[in-house]
Trainee: 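Handing you this structure, nothing more for now.
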Amino acid sequence: MVRKIVVIGGSAAGPKAAAKARRTDEFAEITIVQKSKELSMASCDYPYYVGGFFDDRNMLLCTPAGVVRDQNFYLNAKNIVAKTETEVLEINRADKFVVCKNLKTGELERVQYDRLIITTGSNPVKPPVPGIDLEGITTLQNMNDADYLRKIRDERKITKAVMIGGGLIGIETCEAMRLADIDVTVVELLPQLLTFLDWEMAKLVENHIRSKGANIITNNGVAAFLGENGKLTAVKLANGIEIPCELAVIATGVRPNSKLAKEAGLKIGAKGGILVNEYMQTSDENIYAAGDCLEVKNLITGKLVHAPYGDLANLQGRVAGENAASTNNAVFKGTYQTGICKIFEFSAGVTGLTETGAVKEGLDVVSVVNASPDKPGFMNGKLLVTKLVVEKTTGKILGAQCVGPGEVSKQIAQWAMAITGGLTLEDVINADLPYAPPFSLAIDHFIATAHIMQNKLKGRFTGISVMDVRKKVDSGEKPFIIDTRGPDEFEQMRLGIGETLIPLGALRKRVHEIPDDKNREIICYCKISLRGYEAALILQANGWKNVKVMEGGIMAWPYAREK
Ligand SMILES: Cc1cc2nc3c(=O)[nH]c(=O)nc-3n(C[C@H](O)[C@H](O)[C@H](O)COP(=O)(O)OP(=O)(O)OC[C@H]3O[C@@H](n4cnc5c(N)ncnc54)[C@H](O)[C@@H]3O)c2cc1C
């Protein structure tokens with residue numbers, strides 16, 4: 001019997017599922033039903049198209065070999081029928097068909113299935129405020145939005161734009177608009193951008209974005225969009241401030257698009273996503289689902305989360321496609337919510353839990369910050385700041401975040417694999433990674449981060465976060481703070497938090513300058529806190545009992561500096 005497989009949705013998860021189903025069963029009848037005109041759109045590339053990183057719109061729809069994935073491509077190369085500009089209005093589970101509406105002609109059609117795969121994606125969340133329908137307000141969610149924003153970029157008529165939301169899409173669009181010389185303000189309701197990072201890590205990214213001329217307002221939400229003659233003229237914030245602008249991009253997150261599944265009586269989770277087992281099977285054994293429309297398990301916490309990522313959509317689509325075309329052989333177990341984005345010269349990545357997230361889960365964790373280059377200076381080494389989180393009692397790796405101009409992706413990929421393998425710190429401190437100067441330091445930043453954590457866990461140093469140092473200074477506590485760099489470095493750049501300059505090389509001779517009280521709190525740092533660590537060891541060896549190292553040093557300091 002020829003199996004009929006119908007896929008609803010034709011962007012990321014859907015085509016992947018259909019292609020895998022074809023590779024699994026040469027004779028199945030496979031149909032993709034896609035609401036929009038295009039198929040297989042590379043949504044993740046939209047910000048780069050809008051920002052002018054490339055000009056050929058077809059690149060958003062191409063295979064790596066440059067062939068546009070349209071209806072002909074699917075029919076000829078894969079024997080898959082793709083009905084575009086066609087919306088599925090209803091799933092009839094009892095008689096196993098979907099009702100489709102041709103959006104050009106209005107014609108209705110029933111398409112029978114033996115196995116159905118739902119990949120309806122997600123919908124952008126829009127703040128319910130006055131003026132939301134004014135001209136000049138958009139999202140960046142589909143090809144039409146990408147075309148609209150690209151036109152704005154090319155025409156260069158608009159001078160001021162506001163990004164509503166400081167998540168991944170908000171900041172990627174911020175960069176795209178800044179590259180077109182548009183004045184950009186990013187407005188974020190929460191105290192930080194990029195909430196997948198801990199505050200102090202996100203603040204380093206924020207500082208970089210500001211250095212590129214964008215304005216950032218946190219702890220403030222949009223109250224209304226103001227306009228004249230139907231066109232946007234300003235965004236009004238909750239605190240009354242009005243920001244004049246001709247363009248606003250709403251990037252306040254997405255929600256699973258599970259309406260069809262819900263109406264068909266499939267089980268839906270608390271976050272609004274379709275519930276599936278590890279075979280990507282919904283509560284109906286003949287219906288599979290994949291992509292942004294799901295809730296999936298966070299493999300560390302065991303909780304269901306909405307994880308709208310392009311890589312996961314493809315992985316899940318592959319599993320759903322294979323299983324729908326055969327028996328349940330393939331599995332997708334869940335996510336570590338690994339993600340990355342680029343913003344100007346910085347990248348910001350995460351895998352597993354942040355420290356804030358781990359503490360919220362009630363886990364007993366230790367974190368450490370490592371600021372150091374990815375390669376030698378003569379190989380154009382660039383800074384990376386990594387924050388690693390491990391379980392205190394077992395050393396199990398729970399999460400890592402990395403930001404900076406260096407090769408963040410490699411770091412996050414390594415930590416993601418360590419977490420996937422259930423590795424502990426001990427497993428990675430002597431990891432045998434590839435090394436040559438064009439690629440890394442002899443001890444890669446990844447391993448150096450593990451070493452710092454090992455030193456901390458072994459009690460070789462006591463760390464203090466940049467935030468705790470700031471708090472102590474602001475509250476009038478008077479720890480003795482030592483900057484252990486050289487005078488030239490101090491002259492060029494310094495924190496101005498009441499520190500004393502004692503270069504590491506001079507410390508042994510100048511220990512008499514340290515307060516006599518051996519219980520006095522002493523905080524050491526340098527540019528990246530390697531010299532700060534060595535200074536702390538010298539002081540500890542000389543009897544001082546309360547010596548701390550400011551983790552990550554000046555490079556991880558997210559606050560204003562004196563110089
Ligand atoms: C600007 C932007 C940048 C991004 N950057 C990244 C990134 O760098 N990294 C990353 O991992 N992820 C990124 N993402 C997220 C990633 O694009 C999504 O996770 C991925 O596209 C989800 O794939 P999907 O197939 O589940 O859903 P979608 O891509 O949303 O596709 C769902 C499709 O289903 C169609 N559809 C819905 N309902 C029906 C219906 N009833 N009938 C027929 N068709 C229907 C829709 O028209 C849509 O085309 C980005 C997203 C955006 C918007």
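Positions are given from 1 along the sequence. Both ligands and their constituent atoms are indexed starting at 1 by order of listing.
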Trainee: Can you report which non-hydrogen protein atom sits closest to atom 28 (P) of ligand 1, along with the distance?
Mentor: S11 CB, 3.8 Å
Trainee: So which protein heavy atom does atom 34 (O) of ligand 1 come closest to, and at what separation?
Mentor: G9 CA, 3.3 Å
Trainee: If you count the atoms of ligand 1 from 1 in the order shown, which ones are under 4.0 Å from a heavy atom of M41?
Mentor: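 Taking each heavy atom of M41 in turn, ligand 1 has 49 (O) under 4.0 Å.
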Trainee: Report, in ascending order of atom number, the atoms of ligand 1 lying under 4.0 Å from any heavy atom of V33.
Mentor: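 Per the distance check, 43 (C), 44 (N).
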Trainee: Got the closest protein heavy atom to atom 53 (C) of ligand 1, with its distance?
Mentor: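 Scanning the protein heavy atoms, the shortest distance from atom 53 (C) of ligand 1 goes to L140 O, 3.3 Å.
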Trainee: Mind checking whether A313 contacts ligand 1 via backbone (N, CA, C, O), side chain (CB onward), both or neither, at a 4.0 Å heavy-atom cut-off?
Mentor: side chain
Trainee: What is the nearest protein non-hydrogen atom to atom 15 (C) of ligand 1, stated with its residue, atom name and distance?
Mentor: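 In this structure, atom 15 (C) of ligand 1 has P308 O, 3.6 Å as its nearest protein heavy atom.
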Trainee: Return a yes/no value for K35: is any of its N or O atoms, backbone included, closer than 3.5 angstrom to an N or O of ligand 1?
Mentor: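 Yes; at least one N/O pair falls below 3.5 Å.
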Trainee: Give the atom numbers and elements of ligand 1 that come within less than 4.0 Å of a heavy atom of T86.
Mentor: 43 (C)
Trainee: Compute whether any side-chain donor of one residue and acceptor of the other, for D198 and T356, lie under 3.5 angstrom apart.
Mentor: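 D198 vs T356: donor-acceptor pair found between side chains.
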Trainee: Donor-acceptor pair, distance only, cut-off 3.5 Å: does the side chain of T351 make one with the backbone of I412?
Mentor: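 Checked: no pair found.
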Trainee: May I ask you to list the atoms of ligand 1 that are less than 4.0 angstrom from any heavy atom of N257?
Mentor: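 Here the atoms of ligand 1 in question are 37 (C), 38 (N).
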Trainee: Tell me yes or no: between the side chains of D444 and Q411, is some donor less than 3.5 Å from an acceptor?
Mentor: yes
Trainee: Less than 4.0 angstrom from a charged side-chain N to a carboxylate O is my criterion; do D154 and R150 meet it?
Mentor: yes
Trainee: Check whether any N or O atom of L260, backbone or side chain, sits under 3.5 Å from an N or O atom of ligand 1, and answer yes or no.
Mentor: no
Trainee: Over 60° means perpendicular and under 30° means parallel, so tell me whether W415 and F446 are parallel, tilted or perpendicular.
Mentor: tilted
Trainee: Using a strict 4.0 Å cut-off to heavy atoms of G291, name the atoms of ligand 1 that fall inside it.
Mentor: 26 (O)
Trainee: Between D292 and ligand 1, which residue portion shows a heavy-atom distance shorter than 4.0 Å: side chain, backbone, both, or neither?
Mentor: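 Both the backbone and the side chain of D292 come within reach of ligand 1.
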Trainee: Counting non-hydrogen protein atoms only, what is the nearest one to atom 6 (C) of ligand 1? Give residue, atom name and distance.
Mentor: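 Heavy-atom neighbour on the protein nearest atom 6 (C) of ligand 1: C44 SG, 3.2 Å.
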Trainee: Considering only protein heavy atoms, which is closest to atom 52 (C) of ligand 1, and at what distance to one decimal place?
Mentor: I169 CD1, 3.5 Å
Trainee: Name the closest protein heavy atom to atom 49 (O) of ligand 1, giving the residue it belongs to and the distance to 0.1 Å.
Mentor: Q34 NE2, 3.0 Å
Trainee: With heavy atoms only and a cut-off of under 4.0 Å, state how I8 meets ligand 1: side chain, backbone, both or neither.
Mentor: side chain
Trainee: For ligand 1, is any non-hydrogen atom under 4.0 Å from L312's backbone (N, CA, C, O), its side chain (CB onward), both, or neither?
Mentor: neither
Trainee: Going by the atom numbers of ligand 1, which of them fall below 4.0 Å from some non-hydrogen atom of T119?
Mentor: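 Near T119, the atoms of ligand 1 are 32 (C), 33 (C), 34 (O).
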Trainee: When you look at T338 and Y309, which way does the side chain to side chain donor-acceptor pair (under 3.5 Å) test go after all the steps?
Mentor: CA-CA 9 Å; T338 306; Y309 294 106; over 6 Å; no
Trainee: Could you tell me which atoms of ligand 1, counted from 1 in the order shown, lie closer than 4.0 angstrom to a heavy atom of D311?
Mentor: 11 (O)
Trainee: N/O of L168 under 3.5 Å from N/O of ligand 1, yes or no?
Mentor: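 Between L168 and ligand 1 (N or O atoms, distance only) the closest approach is not under 3.5 Å.
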Trainee: At a 4.0 Å threshold, what atoms of ligand 1 neighbour a non-hydrogen atom of Y309?
Mentor: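 Close to Y309: 11 (O), 12 (N), 19 (O).
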Trainee: With heavy atoms only and a cut-off of under 4.0 Å, state how T173 meets ligand 1: side chain, backbone, both or neither.
Mentor: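 Neither; no heavy atom under 4.0 Å.
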Trainee: Would you call the rings of Y48 and F53 parallel, tilted or perpendicular, where under 30° means parallel and over 60° means perpendicular?
Mentor: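 Answer is perpendicular, since the angle exceeds 60°.
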Trainee: Please check if the number of heavy atoms outside R210 that lie under 6.0 Å from its CZ is greater than 12.
Mentor: yes
Trainee: Give me the residue, atom name and distance of the protein heavy atom closest to atom 30 (O) of ligand 1.
Mentor: G121 CA, 3.6 Å
Trainee: Tell me yes or no: between the side chains of Q281 and N323, is some donor less than 3.5 Å from an acceptor?
Mentor: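 No, because no side-chain N or O of Q281 sits under 3.5 Å from a partner of the opposite role on N323.
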Trainee: Hey, is K212 close enough to E345 for a salt bridge, meaning N to O under 4.0 Å?
Mentor: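 Salt bridge: yes.
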Trainee: Output yes when a side-chain donor or acceptor of Q192 lies under 3.5 Å from a complementary backbone atom of L194, and no otherwise.
Mentor: yes
Trainee: If you count every heavy atom of other residues, nucleotides or ligands that lies below 6.0 Å from Y279 atom OH, does the total exceed 12?
Mentor: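 Open: at most 12 neighbouring heavy atoms sit under 6.0 Å from OH of Y279.
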Trainee: Minimum distance, heavy atoms only, to atom 38 (N) of ligand 1: which one of L89, T120, N314 is it?
Mentor: T120
Trainee: Count the heavy atoms of every other residue, nucleotide or ligand shown that sit under 6.0 Å from NZ of K101, and state whether that count exceeds 12.
Mentor: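 Open.
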Trainee: With a 4.0 Å cut-off on N to O distance, would you call E109 and K83 a salt bridge?
Mentor: yes
Trainee: Quiz question: by atom type and distance under 3.5 Å, do the side chains of Q34 and S36 form a donor-acceptor pair?
Mentor: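 Distance-only check passes for Q34 and S36.
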